[in-house]
Amino acid sequence: MRNGTITVLTVYVFLYGRLYMSLSGLELAILRNPKIQQSNALEDALAIQSVFQIGLLLVLPMAMEIGLERGFRTALGDLIIMQLQLAPVFFTFQLGTKTHYYGRTILHGGSKYRATGRGFVVFHAKFADNYRHYSRSHFVKGLELLMLLIVYEAYGVTYHSSSLYFFITLSMWFLVASWLFAPFVFNPSGFDWQKTVDDCTDWKRWMGNRGGIGIQPDRSWESWWDGEQEHLKYTDIRGRFLEILLACRFFVYQYGVVYHLDISHNRKSLLVYALSWVVMAAVLILLKMASMGRRKFNTDFQLTFRILKGLLFLGFVSVMTVLFVICGLTVSDLFASILAFLPTGWAFLLIGQACRPMLKGVGFWDSIKELARAYEYMMGIIMLVPIALLSWFPLVSEFQTRLLFNQAFSRGLQISMILAGKKDESTPVPA
């Protein structure tokens, strides 16, 4: 468990170090040093060793054990079968489970048994169930690593002219894909179109239900969200301080990206960073006004609420027009702003959760809850869109069923009847 945690921490340190170097300009300054030019021999050497990042070296002890007991031909066959059954995907996902709860125990205590295995499952698990079980341990961290890779791909300059970048980041892209989509790959009928539509409807209903006393987490998002913060209710000052300190890493995105926007015109003064905070405050105020209007006017004063939304929309369009025409804002700046401000909002959310007693005292906790709901909606949509696209193709669902129940197919088992929950009428029933 400790080795897996160190591996994940190494990935975080590497990506955040690369993020700082690329956004601060240090990476470009190093590359412009004439002593570092002509490093093709070093790149070739690193490319060879980076193949082992895939994890092939870690399976050698197992292959040697099977080879000594049953023969090396059998060991090679078992190794190939494990790859075809997506065993690396499962064990990479399991690594995220161990790392998450191991790290939480170190920060806040409260150790207890956590199931990391998986039995033989023939029934479809809903998207909302998978989201509740793996959102904090895998999906959030997978999206964070995905954003790190995207930002480094957009602003980094090292290795982009060679094949070394592919070998260095291959294992990290594999880690992200496993953490985000492994529960759906191993979920029976996970790419069936009708079940995907039903899962989307069920998830939206779960997100919209209000929580309260006696409402279970599987019935309401609010109840589940409160339960996910249970460890923060009993932690000490040290745990809260470390939680806030770790959340501050998300401010690096905004600090670095805003200086690369076209609208900044290559200015490096603190005024650019200060103006970015003004924009962030304006966005939060707009979200707060929309939330207050929804609670106060949506039921009894629908016309007033629609007028309020119309005024906010017109104001937003006017501001964007001025920015495009006068200030030189570009379309690429809009996408870059998303990469800059989304992590900042998530940092506010994490800090707000750590300071929950104080925010409840000043009456600001409802705003944190609405901000969290907005982020949960965005994360859910990001997860659902690829699943829905793959569900359009029946071949994907058939391939997944064959992959999960390959041995059952070879024995002539009727998988479709098991998934539907039906019994084979031709099978005699004992008296």
Check this for me: [X], atom [atom1], are more than 12 non-hydrogen atoms of other residues, nucleotides or ligands nearer than 6.0 Å?
{"X": "F393", "atom1": "CZ", "answer": "no"}
{"X": "F364", "atom1": "CZ", "answer": "no"}
{"X": "R219", "atom1": "CZ", "answer": "no"}
{"X": "L314", "atom1": "CG", "answer": "yes"}

Whether Y259 and Y273 hold their rings parallel, tilted or perpendicular, with breakpoints at 30° and 60°: parallel

Plane angle bin for Y253 and Y16 - parallel if under 30°, tilted between 30 and 60°, otherwise perpendicular: perpendicular

Is the shortest heavy-atom distance from the side chain of [X] to the side chain of [Y] under 4.5 Å?
{"X": "V140", "Y": "Y375", "answer": "no"}
{"X": "V151", "Y": "M147", "answer": "yes"}
{"X": "F139", "Y": "I382", "answer": "no"}
{"X": "P357", "Y": "R240", "answer": "yes"}
{"X": "F335", "Y": "L339", "answer": "no"}
{"X": "F251", "Y": "T344", "answer": "yes"}
{"X": "L349", "Y": "I368", "answer": "yes"}
{"X": "V257", "Y": "Y155", "answer": "yes"}

Pair W203 and Y377, ring centroids less than 6.0 Å apart: yes

Ring centroid separation W277 to F348 under 6.0 Å: yes

side-chain contact (heavy atoms from CB on, under 4.5 Å) between C355 and I244, intermediate numbers included: CA-CA 9 Å; C355 303; I244 295 173; 3.7 Å; yes

Hey, what do you get for [atom1] ([X]) to [atom2] ([Y]), rounding to the nearest 0.5 Å?
{"X": "T99", "Y": "L9", "atom1": "OG1", "atom2": "CG", "answer": "7.5 Å"}
{"X": "L149", "Y": "R18", "atom1": "CG", "atom2": "CZ", "answer": "12.5 Å"}
{"X": "I387", "Y": "F191", "atom1": "CD1", "atom2": "CZ", "answer": "6.0 Å"}
{"X": "L359", "Y": "K369", "atom1": "CG", "atom2": "NZ", "answer": "12.5 Å"}
{"X": "T401", "Y": "D192", "atom1": "OG1", "atom2": "CG", "answer": "8.0 Å"}
{"X": "R132", "Y": "W224", "atom1": "CZ", "atom2": "CH2", "answer": "9.0 Å"}

Please report the shortest heavy-atom distance between [X] and [Y], naming the atom on each side.
{"X": "Q400", "Y": "S189", "result": "OE1-N, 3.8 Å"}
{"X": "D262", "Y": "S332", "result": "OD2-OG, 3.5 Å"}
{"X": "S391", "Y": "G190", "result": "OG-O, 4.4 Å"}
{"X": "G256", "Y": "H260", "result": "O-ND1, 2.9 Å"}
{"X": "T235", "Y": "G239", "result": "OG1-CA, 3.5 Å"}
{"X": "D333", "Y": "I263", "result": "OD2-N, 3.1 Å"}

Salt-bridge test for [X] and [Y]: reply yes if a basic N is under 4.0 Å from a carboxylate O, no otherwise.
{"X": "D202", "Y": "R205", "result": "yes"}
{"X": "R373", "Y": "E222", "result": "yes"}
{"X": "K233", "Y": "E230", "result": "yes"}
{"X": "E376", "Y": "R136", "result": "yes"}

Sequence-distant partners of W365, ring pair (Phe, Tyr, Trp, His ring centres under 6.0 Å), two or more places apart: W225

No-hydrogen, no-angle side-chain donor-acceptor test under 3.5 Å, T201 and D198: no

Distance-only donor-acceptor check, side chains H124 and D199, under 3.5 Å: yes

Summary of salt bridge (Lys or Arg N to Asp or Glu O under 4.0 Å) pairs that have at least one residue in residues 338-361, sequence neighbours excluded: D226-R356

Derivation and outcome, side-chain contact (heavy atoms from CB on, under 4.5 Å), residues M378 and L342: CA-CA 10 Å; M378 285 189 291; L342 280 182; 3.9 Å; yes

Derivation of the side-chain contact (heavy atoms from CB on, under 4.5 Å) call for W206 and D218: CA-CA 8 Å; W206 173 72; D218 59 343; 5.5 Å; no

[X] (side chain) donor-acceptor with [Y] (main chain) under 3.5 angstrom:
{"X": "H231", "Y": "E228", "answer": "yes"}
{"X": "S137", "Y": "H100", "answer": "no"}
{"X": "S220", "Y": "N209", "answer": "yes"}

Candidate pair V11 and M172, rule side-chain contact (heavy atoms from CB on, under 4.5 Å), full reasoning: CA-CA 7 Å; V11 173; M172 300 178 190; 4.2 Å; yes

Matching residue for F184 among W179, F93, F127 - test: ring-ring contact (aromatic ring centres under 6.0 Å, His included): F127

